[in-house]
Amino acid sequence: MKMTQLFGKTSKTEGSDYKISSHRLLTQAGYIRESTAGRYYMLPLGMVVQSKMTDVIRKHMNAAGAQELIMPTLHPLELWQETNRTTSASFELMKVVDRRGAPFALGGTAEEMAVDLVRKFNISYKDLPFNIYQFSNKFRDEMRARGGLLRVREFMMKDAYSFGTEEQFKQAYQQMWDSYVAIFEELGIKVDVVAADNGYIGGEYCHEFVMESEVGESRYFIDPTSGYAAHEDVTIFKVEDMNLDEELQAMQAIDAERGPTMNDGVLHHNLPLWQQIKDVLYFDEATKRYILAIIRGDFEVNETKLMQASGAWELRAATEQEIREDLKSEPGFISPVNFVKKGVKTGYEVVVIADKSLRTARNMYGGANARNKDLLNINIDRDFTADKEADIALAQPGFLSLDGGELIEKKGIEVGNIFQLGYHYSNLMHDAEYTDENGMRQKYYMGCYGIGVGRTLAAIVEAHHDDKGIVWPASIAPYTIIISQLGDDEAVIKAAHGMYKKLTTAGIQVLYDDRVGVRPGEKFADADLIGIPYRVVVSAKTVAAGKYEVKARTDSQGQLLDENAVMQLVLGNKN
RNA sequence: CGGGGCGUAGCGCAGCUUGGUAGCGCGCAGCGUUCGGGACGCUGAGGUCGCAGGUUCAAAUCCUGUCGCCCCGACCA
């Protein structure tokens with residue numbers, strides 16, 4: 001490609017809105033251009049990189065036996081209604097209506113479509129297992145797009161859906177896991193595979209592929225000694241027993257003139273924080289229930305775990321007024337003991353969820369559902385019970401994993417994920433079945449697997465750049481080598497042209513900076529900014545020497561080589 | 001959706017307080033001198049001042065509304 005013909009320009013001035021390296025570099029170097037917030041034009045240079053990325057992903061998907069197809073962008077809304085996702089995911093579903101008034105969702109993920117497609121074929125066990133995937137633009141009505149390509153409202157995603165029996169699924173999941181590891185390695189980024197929460201996608205477990213980065217939005221923990229890695233939302237950790245050897249003491253109600261915080265309780269009673277019971281009252285707008293979360297005082301409530309345990313999905317903190325009026329309690333003094341479980345509003349329920357940590361301490365203390373009244377020596381089972389006991393505790397840096405190692409907190413960019421969906425969709429959607437060996441109809445067991453191509457592109461740039469620009473890994477560099485032609489002597493142009501032809505003929509992708517009247521400094525700066533792995537300079541000097549000056553993007557000095565040596569060097573490092 | 005900031009040429013900004021012919025730098029086009037790490041001179045093109053109302057003889061400037069963008073938070077592939 002000749003630079004004079006390439007659409008898109010580099011820019012010397014930096015936009016003031018670009019806070020993130022990948023955003024700034026991709027824009028300045030002419031790979032992308034913003035349309036409106038969270039929507040981008042992918043320019044020719046960006047397209048070359050993107051198609052190299054999709055080539056890599058496609059290669060590994062196909063090698064894993066997955067088959068590419070493409071689904072419509074507009075999904076009949078009735079499919080989303082079939083799985084109740086018009087409500088559970090409505091906060092980010094984009095909808096459109098055609099002229100007849102038929103409603104559609106702009107596809108943000110395509111589980112329903114995949115099932116709908118499969119059920120149009122009358123499949124049997126002989127057809128299983130299989131995995132179908134597509135590359136397509138996805139739409140998410142994000143509240144707030146940010147960070148260039150990191151969080152957008154429209155983006156290209158590779159999404160795959162596997163169908164099979166429960167036994168077959170294990171292999172499908174592992175296969176995608178392995179493929180993803182290989183894909184990200186080939187794309188030049190190092191990822192951690194972390195257990196995560198399924199959220200509105202459904203299913204019971206999933207894993208995120210996260211590249212560690214300061215600008216990422218995923219928080220996760222790893223135990224480097226055992227390799228345990230999990231998203232903050234689902235991290236489990238070791239909870240030490242505290243005083244289980246103590247005798248149970250008689251519960252005692254006392255006056256306690258204190259403030260409403262946990263620390264006020266500690267100071268007033270001169271007892272450890274862990275022995276206090278923390279009571280946090282939530283309200284779930286979706287199911288109209290109050291949810292009282294109780295936990296050992298030295299832990300925080302993990303709202304994702306709490307939602308899992310309670311079945312809530314629109315959790316918010318209860319207001320002081322609700323605590324007083326609906327639950328006859330007092331902020332700062334809530335207690336599971338004699339907790340009023342019938343809310344005053346009809347149709348509203350109250351659920352108490354206890355964290356498992358409450359079984360690691362005895363003779364605990366806390367409020368008594370009235371101002372300045374506390375209880376001492378509270379014990380689970382004897383003094384109160386919960387509707388459900390579960391792990392609802394939030395991990396903190398320094399806690400120990402179940403394997404015993406210290407948990408380290410990390411931030412990262414989630415570039416891909418794999419979900420076990422199980423029977424989630426086949427239960428919710430009719431005819432999501434196959435015929436088994438005995439002629440009986442059975443539900444199929446599913447998984448889905450996504451890679452955000454644009455976000456991965458941004459992640460690669462985050463991982464591969466310096467103060468001058470992008471430093472592409474060879475596997476996805478838009479071009480392998482850039483020819484910087486300096487000056488406009490006929491001999492120089494002839495030599496540069498000859499090199500361009502020769503390299504191109506050899507199947508090497510070349511960007512030829514054939515601009516005349518552009519000074520060397522600008523050409524070098526552009527070559528660095530765009531990030532091409534090799535640069536060959538053709539100038540009056542090199543022509544006089546009968547050689548070419550070649551250097552790798554990261555080298556500071558070039559070397560003079562003859563034509564054949566250049567060819568050899570580049571061919572040896574072609575992707 | 002809450003808090004804060006901002007919309008003036010492709011990009012970065014000044015002008016607004018105190019209404020009176022719309023400016024600067026970069027970039028872009030032409031000519032010339034230059035030419036190995038973002039040169040210099042001259043000339044030129046490019047703007048319904050986000051949009052819609054209002055006040056006024058007169059609005060980029062004042063008032064109202066609205067849309068968009070950025071940051072923090074809430075939310076979340």
Side-chain angles (χ1 to χ4, degrees), chain A residues 8-20 23-24 27-28 30 33-39 88-93 107-110 138-159 196-201 206 208-210 216-219 231-233 285 303-304 307 313-317 413-417 419 448-456 458-459 467-469 484-489 492 515-529 535 537-544 549 551 556-558 560:
Chain A
K9 285 175 190 296
T10 58
S11 157
K12 189 164 68 170
T13 41
E14 303 180 6
S16 58
D17 283 341
Y18 309 134
K19 318 284 179 195
I20 290 175
H23 187 196
R24 182 174 61 77
T27 304
Q28 263 189 272
R33 192 65 189 242
E34 187 174 52
S35 163
T36 59
R39 302 178 206 283
S88 72
S90 62
F91 44 82
E92 60 175 29
L93 244 198
T109 171
K138 298 295 185 293
F139 298 81
R140 306 267 167 107
D141 194 2
E142 289 291 337
M143 299 245 207
R144 189 176 151 210
R146 76 184 91 182
L149 258 26
L150 287 179
R151 175 164 298 282
V152 292
R153 298 194 166 102
E154 238 182 274
F155 60 98
M156 177 180 276
M157 176 163 122
K158 187 278 315 177
D159 46 325
D197 179 60
N198 288 50
Y200 68 82
I201 299 281
C206 69
E208 291 182 353
F209 291 71
V210 184
E217 297 180 300
S218 284
R219 289 183 172 278
H231 194 279
E232 178 181 59
D233 291 342
E285 295 283 0
E303 294 185 9
T304 301
M307 285 199 272
W313 23 305
E314 267 185 272
L315 221 49
R316 64 163 171 83
I413 301 168
E414 181 192 347
V415 288
N417 50 29
F419 287 89
C448 74
Y449 318 89
I451 292 177
V453 178
R455 185 183 280 183
T456 304
D467 56 348
K468 291 182 184 146
S484 299
Q485 165 191 302
L486 306 188
D488 53 2
D489 293 359
V492 169
R515 296 174 294 177
V516 295
V518 174
R519 294 163 60 86
E522 192 172 341
K523 291 204 172 195
F524 295 151
D526 278 347
D528 289 341
L529 181 61
R535 184 187 79 192
V537 172
V538 183
S539 68
K541 260 191 235 172
T542 64
V543 169
E549 183 193 297
K551 83 168 196 69
S556 53
Q557 284 288 318
L560 278 177

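Order of the sequence lines fixes the chain letters, A, B, ..., with proteins taken first and strands second; residue numbering starts at 1 for each chain. Side chains included, hydrogens not; waters and symmetry mates left out as well; all remaining heavy atoms used.
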Separation of the [atom1] atoms in [N] and [M], to the nearest angstrom:
{"N": "B/U61", "M": "B/G54", "atom1": "P", "result": "14 Å"}
{"N": "B/G27", "M": "B/G12", "atom1": "P", "result": "15 Å"}
{"N": "B/A29", "M": "B/G46", "atom1": "C1'", "result": "10 Å"}
{"N": "B/G2", "M": "B/A9", "atom1": "C1'", "result": "35 Å"}
{"N": "B/G7", "M": "B/U17", "atom1": "P", "result": "15 Å"}
{"N": "B/G19", "M": "B/G25", "atom1": "P", "result": "28 Å"}
{"N": "B/C49", "M": "B/C71", "atom1": "C1'", "result": "25 Å"}
{"N": "B/G5", "M": "B/C62", "atom1": "P", "result": "16 Å"}

If you check every side-chain atom of [X], which of [options] has the closest atom?
{"X": "A/Glu522", "options": "B/C69, B/C35, B/G38", "result": "B/G38"}
{"X": "A/Met143", "options": "B/C75, B/G38, B/G36", "result": "B/C75"}
{"X": "A/Pro520", "options": "B/G36, B/C69, B/C26", "result": "B/G36"}
{"X": "A/Arg151", "options": "B/G38, B/C76, B/G37", "result": "B/C76"}
{"X": "A/Val537", "options": "B/G27, B/G37, B/G36", "result": "B/G36"}
{"X": "A/Thr542", "options": "B/C75, B/C11, B/G36", "result": "B/G36"}

Rounded to the nearest 0.5 Å, how far apart are [atom1] of [X] and [atom2] of [Y]?
{"X": "A/Lys523", "Y": "A/Ser484", "atom1": "NZ", "atom2": "OG", "answer": "6.5 Å"}
{"X": "A/Ser11", "Y": "A/Arg24", "atom1": "OG", "atom2": "CZ", "answer": "10.5 Å"}
{"X": "A/Asn417", "Y": "A/Cys448", "atom1": "CG", "atom2": "SG", "answer": "7.0 Å"}
{"X": "A/Ile20", "Y": "A/Arg146", "atom1": "CD1", "atom2": "CZ", "answer": "8.5 Å"}
{"X": "A/Lys468", "Y": "A/Leu529", "atom1": "NZ", "atom2": "CG", "answer": "12.0 Å"}
{"X": "A/Phe139", "Y": "A/Arg153", "atom1": "CZ", "atom2": "CZ", "answer": "13.0 Å"}

In whole angstroms, how far is the [atom2] atom of [N] from the [atom1] atom of [X]?
{"X": "A/Arg316", "N": "B/G2", "atom1": "CZ", "atom2": "C1'", "result": "15 Å"}
{"X": "A/Arg24", "N": "B/C70", "atom1": "CZ", "atom2": "C1'", "result": "17 Å"}
{"X": "A/Arg39", "N": "B/G68", "atom1": "CZ", "atom2": "P", "result": "11 Å"}
{"X": "A/Arg515", "N": "B/C35", "atom1": "CZ", "atom2": "C1'", "result": "14 Å"}
{"X": "A/Phe419", "N": "B/C76", "atom1": "CZ", "atom2": "P", "result": "13 Å"}
{"X": "A/Asp17", "N": "B/C72", "atom1": "CG", "atom2": "C1'", "result": "15 Å"}
{"X": "A/Met307", "N": "B/A74", "atom1": "CE", "atom2": "C1'", "result": "13 Å"}
{"X": "A/Leu486", "N": "B/C35", "atom1": "CG", "atom2": "C1'", "result": "9 Å"}

**OP:** Report yes or no: is the cationic atom of A/Arg455 (NZ for Lys, CZ for Arg) under 6.0 Å from the centre of the six-membered ring of A/Phe155, at an angle within 45° of the ring normal?
**Re:**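 Verdict for A/Phe155: no cation-pi partner in A/Arg455.
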Indicate, with a heavy-atom threshold strictly under 4.0 Å, whether [X] touches base, sugar-phosphate, or nothing.
{"X": "A/Glu34", "result": "sugar-phosphate"}
{"X": "A/Asp488", "result": "nothing"}
{"X": "A/Val152", "result": "nothing"}
{"X": "A/Lys138", "result": "nothing"}
{"X": "A/Gly452", "result": "base"}
{"X": "A/Ala37", "result": "sugar-phosphate"}
{"X": "A/Thr36", "result": "sugar-phosphate"}

**OP:** Specify the residue among A/Lys19 and A/Asp526 whose closest nucleotide of RNA chain B lies further upstream toward the 5′ end.
**Re:**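 Going by which nucleotide is closer to the 5' end, it is A/Asp526.
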Subject >> Residue closer to the 5' end of RNA chain B, A/Glu208 versus A/Lys523 (nearest nucleotide) >> reply: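 Result of the comparison: A/Lys523.
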Does [N] pair with anything, Watson-Crick or G-U wobble, both distances under 3.5 Å, and if so, with which nucleotide?
{"N": "B/C40", "value": "B/G32"}
{"N": "B/A9", "value": "none"}
{"N": "B/G53", "value": "B/C63"}
{"N": "B/C1", "value": "B/G73"}
{"N": "B/G47", "value": "none"}

Original post:
Just checking, any donor-acceptor pair under 3.5 angstrom between side chains of A/Asp526 and A/Thr10?
Top reply: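 There is such a pair between these side chains.
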Subject >> base_contact_polar (B/C71 base, A/Arg146 side chain, donor-acceptor, <3.5 Å) >> reply: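 No pair found.
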Subject >> Donor-acceptor pair under 3.5 Å, A/Arg535 side chain vs B/G37 base >> reply: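 Such a pair exists between side chain and base.
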Subject >> A/Arg519 side-chain N/O to B/G38 phosphate OP1/OP2 under 4.0 Å >> reply: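 It does not, given that no N or O in the side chain of A/Arg519 lies less than 4.0 Å from OP1 or OP2 of B/G38.
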Subject >> Side-chain N or O of A/Arg144 closer than 4.0 Å to phosphate OP1/OP2 of B/C72 >> reply: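 For B/C72, OP1 or OP2 has a side-chain N or O of A/Arg144 closer than 4.0 Å.
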